[in-house]
Amino acid sequence: MMSVTEKDIEKGSVADDIIYRLDHVTKVFEGAQKVVALDDVSLSIKRGEIYGIIGMSGAGKSTLVRTLNRLEDVTFGKVYFEGRDLTGLKGKELRKARRTVGMIFQGFNLLSQRNVEKNIKAALKIADVPKDKHNEIITKMLKIVGLEDKRYAFPSQLSGGQKQRVAIARALATDPKVILCDEATSALDPKITAEILELLKKINKELNVTIILITHEMSVVEAICDRVAVVDNGRIAEEGEVKELFVNPRSDAARKLVYPENAGFNLFDGQGRRCVRLVFDGTEAKEPIIARLAASKGVEVSILSANTKSVGGIGFGQMIVALPENEIQGNIAIEYFKFAGVYGEEVSEKSKEVIAWQE
Amino acid sequence: MAGIDWSFIWEGFLQTMEMVVISTVLAYIAGLPLGVVLSVTKQGRLAENRAVYNILAVLVNISRSIPFLIFLVLLIPVTRLIVGTSIGTEATIVPLTAGAIPIVARMVEASLEEVDGGIIEAALAMGASKWQVITGFLLPEAVPSLIQGSAINFVTILGYSAMAGFIGGGGLGAIAYQHGFIRYKTDILIVTVCILVIIVWIGQELGLKIAKKVRR
C-alpha cells in the first residue's frame, strides 16, 4: 500500500490540487471490428472544480468517464486518482477506491423495488457505514436535495427530476470526493435541468465535492463548468477554461458545439456578403457598438444573428454581422471592431476559411 | 357422483400437494443459485466465465430435453439411494425435483436478465462486490418476475406429478389415470381433472396477484 503511494510520488503524479490525472489513456474495444474509443487522452482535473467533458454522441466521453472509476478498464495508459494509479488496483482495493467516487446517470439507475430511503441505504451498506448512522445521514442527504417528504416514496412515484435528486443523495451519502455525472440531465427538460445543475453547483461549493460531468450540450457546460475538455473521435480536441472555449473555440469539434447549426448560427448570409463573427467577453457587450459604428463612421452592418448569455457570471455574446458590399466600408468596420477590442473573425464564403483577429 | 369416495380423492389431493410443494421448494433451493450462476457468467455479464457457463448450459439443456417419464425411470437408482425405495409418493419427489431444477434455473436466468443493466453499473460504481450486486441489487429487482416465474414452475411440476402413478406414486394424477381412465370411472376422471384445473388456476392467479402487488 505505502510503497505504491511512494512510487507514485516519485513519478510526480501527486500534486495536491490535482484529483485526477490521466496519462495517455487509450481504450480499444476488441471485437469483430476494432474500435478505438479513447486515443491517447491526457488531462488533469483539479480538486474542487466542476469539470466538463463534452462531445457528440459516440465521441468516447462515456468511456472516458467510466475509466475514472474503472467501470471501464483502459488498454494503455494510467489513471491517477489522488496520486494513486487506479489501473493497477484489484478487488477490494478497487472497490474501496470506488466508494470515494459517486456517480449519477442519465437513466438514474435507482432500485425500482426499493423506496427512497432504502435506495440511499444500499449505498451506505456497501460503504460499510455503521448502521446506527444510516438514519441521520439519510435525513441529511434528503435535506440537501430537498426531498425530505419523499423518504418512503418509490421511484415510480417520482418525477425525473426527483429521481435524479435521489440518485444525487445516494451518490453523496458516502461522503465522496468526486461525483461523476454521466449525461445526468439529458433525460430532463430544460427547467428541471437547470434545477439539477443548480443543485450540483451548490454541492460543489458547500461540500467541496469535485464534479466531473459529461454532456453533449454546451448549455450544461456554460451553466456550471469551470473547465472543459472537448472530446472528438476518442481524442481531446481541446481543453481549457469554459470562457476561453466559448470566446475562441480552436478545434472543429468545439466550434460545432459552440455554434450548432441548428441553433440558427450560420456564418454565411447566402448572398455572398462578407460576414464577421463578433464575440463579446463581458465588457463590450453592453456597448452599442453597432450603433456607434454607424454614427461615427457612417458604416451600416446588418445583424444576421445574435445571441448573448451569461457564462460564469459574466455576460457573453456573439453576433454574426454582414458587412456592406463596398470593400472600403467593410474594412473600416473591421478596423473599428478591432479598435474597440472586440474579438472577431471574418469568414470567407468562397474558401470557407476563417480569418481570426484578436486585440 | 354418489359413488365417489371423497376421502380417497382428498387423500390424493394431499399427496399431490405434498409432492408438488416439496418438489417446487427443493427445485428452487437448487435452481435459484444455478439460475443466478447461469445469468451472471454469461458473456458480458457481471462475472463472465465462459467455461462455467458452457458446462452448466449444456447440463441444463440436456436434462431439460429428456422426457419426464424417462427421467422417472432413469433416476430409479438415485431415488432408491436417497429415499430407500423407488416406489410411492415420497419417492416421486426425487425425480420431480431433479426434473424441475433445470426448468427453474432457466426461469430464474430469464428473470434476472430483465433487470436493467444500469442498476448493476450503479452498484459497481458504489464499490459493491459481485456478491453484493447479486444479493442487494440483482435479486431484489427481479423479485416480481421471480414470483411470476415460480407460479409457472409450480404448474409445470404439477403436470409432471400426474405421471407419478407410473412408479407407484399417489396423487390426483394417478387416481385420474388408474381409477378414472383405466377402470372407466368417468365421474372420478372428471372430478380429479376438475380439481387439478382449479389448483392450476389458483396457483397461476395467486402468482400473478402477488407479483403485481409487490411490483413497484
Side-chain angles (χ1 to χ4, degrees), chain A residues 31 62 65-66 68-72 89 91-116 118-129 152-158 166-167 170-174 176 178-183 187, chain B residues 32 35-36 39-50 53 107-108 110-151 207-216:
Chain A
S62 274
V65 81
R66 276 166 179 69
L68 299 180
N69 57 1
R70 245 193 68 191
L71 282 179
E72 207 68 81
L89 295 187
K92 215 173 173 183
E93 290 283 291
L94 174 63
R95 295 201 294 274
K96 226 170 137 188
R98 278 176 175 165
R99 282 167 203 172
T100 58
V101 181
M103 190 167 188
I104 60 172
F105 304 85
Q106 177 172 7
F108 320 122
N109 294 347
L110 299 174
L111 282 160
S112 62
Q113 302 298 314
R114 296 279 183 268
N115 64 22
V116 168
K118 287 194 173 141
N119 263 284
I120 301 173
K121 214 171 240 176
L124 294 173
K125 273 189 203 160
I126 289 168
D128 287 329
V129 175
Y152 302 107
F154 282 86
S156 59
Q157 298 164 321
L158 301 175
V166 175
R170 179 176 70 175
L172 209 56
T174 52
V178 184
I179 290 185
L180 308 175
C181 310
D182 180 14
E183 293 275 9
Chain B
L32 186 70
V36 170
S39 167
V40 300
T41 55
K42 202 178 264 186
Q43 199 180 356
R45 293 308 185 107
L46 185 63
E48 182 178 334
N49 189 322
R50 212 169 273 194
Y53 179 79
M107 191 72 86
V108 169
S111 290
L112 295 184
E113 234 141 86
E114 283 171 27
V115 175
D116 179 8
I119 284 159
I120 294 155
E121 193 174 42
L124 289 174
M126 287 176 210
S129 63
K130 282 169 186 151
W131 177 251
Q132 284 172 322
V133 173
I134 292 167
T135 56
F137 292 78
L138 205 49
L139 286 173
E141 279 297 282
V143 162
S145 171
L146 286 171
I147 289 171
Q148 222 168 316
S150 71
L208 282 176
K209 280 255 160 64
I210 298 172
K212 202 175 166 192
K213 194 156 186 206
V214 300
R215 196 185 291 275
R216 297 293 178 172

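Numbers restart at 1 for each chain; the letters A, B, ... are given by sequence-line order, proteins then strands.
Taking every heavy atom of both residues into account, A:Leu111 and B:Ile119 meet most closely at CD2-CG2, 4.1 Å. For the pair A:Arg114 and B:Pro140, the tightest heavy-atom approach, listed with the atom from each and the gap, is NH2-CB, 3.2 Å. Here the closest heavy-atom approach between residue B:Gly127 and residue A:Arg99 is recorded as O-NH2, 3.1 Å. For B:Glu121 against A:Arg66, the heavy-atom pair with the smallest separation is OE2-NE, 2.5 Å. Between A:Asn69 and B:Ala125 the shortest heavy-atom distance is ND2-CB, 3.7 Å.
At a threshold of 4.5 Å between non-hydrogen side-chain atoms, the residues A:Pro155 and B:Arg216 do not count as touching. At least one side-chain heavy atom of A:Arg170 sits less than 4.5 Å from a side-chain heavy atom of B:Met126.
With a 4.5 Å cut-off on non-hydrogen atoms, A:Ala123 touches chain B through its backbone and its side chain both. For B:Glu141, the parts sitting under 4.5 Å from any heavy atom of chain A are the backbone and the side chain alike. Heavy atoms of A:Ser112 lying under 4.5 Å from chain B belong to its backbone as well as its side chain. Looking at A:Leu110, only its backbone comes within 4.5 Å of chain B, counting heavy atoms on both sides. Only the backbone of B:Val214 comes within contact range of chain A, judged by heavy atoms closer than 4.5 Å.
The candidate with the highest count of non-hydrogen atom pairs below 4.5 Å against chain A, out of B:Gly117, B:Ser129, B:Gly136, is B:Ser129.
Checking A:Arg95, A:Arg70, A:Met103, A:Arg98 one by one against B:Leu124, the side chain to side chain contact (heavy atoms under 4.5 Å, CB included) holds for a single residue, A:Arg98.
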